[in-house]
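This report refers to the structure that appears directly beneath it.
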Amino acid sequence: MKKSTEIQSLPIINISDGSEIGKVRSLVVNPEKGSVDFLTVEHEDWQISVRAIPFKKVVGIGEYAVTVEHENAVIDLNEIPIANSLVNKKIRVADTRLMTRKGQMIGEIVEFHVDDESGAIRTLEVKSKSDAYYLDSPHVLTWGKDIVIVKEDAAEYFRETLVEVEVEVEDISTPQEAAATQADGLKVIENRQMELLVGRQTADDIFSLEGELLIPKGAELTRTNIQSVKEAGPSVFVELTMNIR
């Protein structure tokens, strides 16, 4: 699962030629299905029309980028009435109030988690007074623009911790062991990234989002300067991976 804020602003990479075709501007929610059906695309050359990627065209959502097979995954919303209608409904989920079917206000949604394979909204992060809880989406009756309506007993199912029920791990007896297994998997991916980059040279200057020069053109990549780029943010790291030789 991914938080909505983890997806927003990610670079969108075209796998077929390795080019960046824009950044994720927003998540378009389908209130009938309780899912993210489109990702709108921010691109400096597309000022007039709004363009988006159907979630089913997304190959993957990683820590540093959203990937698609080809640039033709991007569509003009003016040509797809259904997609345009969803955008105009402006269902945002986060920053909406949570109310039961009988009119009891039980909190405010501050974030939501999306299944990065299907786009389904899985879990809501809810703030109630001074406490924060998690609520699974099956308790939702209506995804509204300003208010999300849930079943009368939804508050009884508030949880203090996030549990990714979609993940199945064989021979795991406790949540702690499952979390450790996932952490090990992330370490393997990070180590592979390092192995691919260490020793390569930059084909251009790499700057932070604030304009600070992190790695000059022609510099040899080391674990230290790669780590500094990763800490500068996902888009900066993608910029590095696209400018090496």
Side-chain angles (χ1 to χ4, degrees), residues 1-16 18-42 51-75 77 80 82-83 86-87 89 91-94 109-126 134-140 143 148 157 159 161-172 175 177-190 192-193 234-235 237-238 241:
M1 289 193 298
K2 296 285 185 183
K3 287 185 177 182
S4 67
T5 50
E6 292 176 335
I7 302 174
Q8 288 177 325
S9 298
L10 279 179
I12 302 169
I13 303 300
N14 172 8
I15 295 175
S16 65
S19 63
E20 180 179 328
I21 57 178
K23 291 181 171 59
V24 177
R25 181 177 182 179
S26 64
L27 283 64
V28 181
V29 174
N30 184 330
E32 302 298 325
K33 299 192 300 181
S35 64
V36 174
D37 280 10
F38 298 90
L39 303 177
T40 61
V41 181
E42 179 180 347
R51 303 194 184 188
I53 297 173
F55 203 94
K56 62 183 179 181
K57 294 287 187 179
V58 172
V59 175
I61 302 176
E63 183 180 359
Y64 298 107
V66 171
T67 57
V68 294
E69 287 286 1
H70 196 275
E71 190 173 359
N72 62 15
V74 180
I75 62 173
L77 291 188
I80 312 293
I82 294 177
L86 288 178
V87 171
K89 286 182 179 180
I91 306 296
R92 61 184 187 272
V93 182
I109 302 170
V110 295
E111 177 60 284
F112 63 99
H113 297 248
V114 179
D115 185 319
D116 49 339
E117 294 293 333
S118 67
I121 298 174
R122 295 298 188 192
T123 309
L124 307 176
E125 289 188 29
V126 181
Y134 296 95
L135 179 68
D136 293 330
S137 61
H139 298 284
V140 174
W143 300 94
V148 172
Y157 294 91
R159 292 183 283 102
T161 57
L162 178 65
V163 179
E164 294 195 35
V165 295
E166 299 84 7
V167 178
E168 296 182 2
V169 183
E170 294 183 0
D171 302 323
I172 295 295
E177 291 172 332
T181 299
Q182 291 177 338
D184 289 342
L186 289 175
K187 287 180 180 178
V188 170
I189 293 173
E190 289 179 356
R192 288 176 179 172
Q193 287 177 338
S235 61
F237 184 74
V238 170
T241 60

How long is the span from the NZ atom in Lys33 to the CG atom in Leu86, to the nearest 0.5 Å?
8.5 Å
Which value, rounded to the nearest 0.5 Å, describes the distance between Leu124 atom CG and His113 atom NE2?
8.5 Å
Minimum heavy-atom separation for Trp143 and Gly34, please, with both atom names.
NE1-CA, 3.3 Å
CZ of Arg159 to CG of Leu135: how many Å apart, nearest 0.5 Å?
8.0 Å
Check whether any side-chain heavy atom of Ile21 lies under 4.5 Å from a side-chain heavy atom of Val41, and answer yes or no.
no
NE2/His70 to NZ/Lys57 distance, rounded to the nearest 0.5 angstrom?
11.5 Å
Quick one: pull up CG in Asp116 and CZ in Phe55 and give me the separation to the nearest 0.5 Å.
6.5 Å
Could you list the donor-acceptor pairs under 3.5 angstrom formed by side chains in residues 3-13, with sequence neighbours left out?
unit_1, atom_1, unit_2, atom_2, d
Ser4, OG, Glu111, OE1, 2.4
Thr5, OG1, Glu111, OE2, 2.6
Glu6, OE1, Lys3, N, 3.0

Applying side-chain contact (heavy atoms from CB on, under 4.5 Å), name anything that partners Pro138, two or more places apart in sequence or on another chain.
Asp136
Using modelled atom types and a 3.5 Å cut-off, is there a donor and acceptor pairing between side-chain atoms of Ser35 and backbone atoms of Gly119?
no
Restricting to non-hydrogen atoms, name the atom on Thr123 and the atom on Tyr134 that form the minimum distance, rounded to 0.1 Å.
CG2-CB, 3.9 Å
For Lys23, the salt bridge (Lys or Arg N to Asp or Glu O under 4.0 Å) test, sequence neighbours excluded, returns Glu20
Grab the two heavy atoms, one from Arg92 and one from Phe112, that are nearest each other, plus how far apart they are.
O-CE2, 3.6 Å
What is the minimum heavy-atom distance between Ala73 and Pro54, and which atoms define it?
O-CD, 3.2 Å
From the options Val29, Ile53, Ile75, Val87, select the one residue that forms a side-chain contact (heavy atoms from CB on, under 4.5 Å) with Phe38.
Ile75
Side chain to side chain donor-acceptor pair (under 3.5 Å) with Ser16: which residues, sequence neighbours excluded?
Asn14
Residues that Asn30 engages under side chain to side chain donor-acceptor pair (under 3.5 Å), provided they are two or more places apart
Asp37
Taken to the nearest 0.5 Å, the spacing of Leu39 CG from Ile61 CD1 works out to 6.0 Å
Pairing residues for His139 by the ring pair (Phe, Tyr, Trp, His ring centres under 6.0 Å) criterion, not counting sequence neighbours
Tyr157
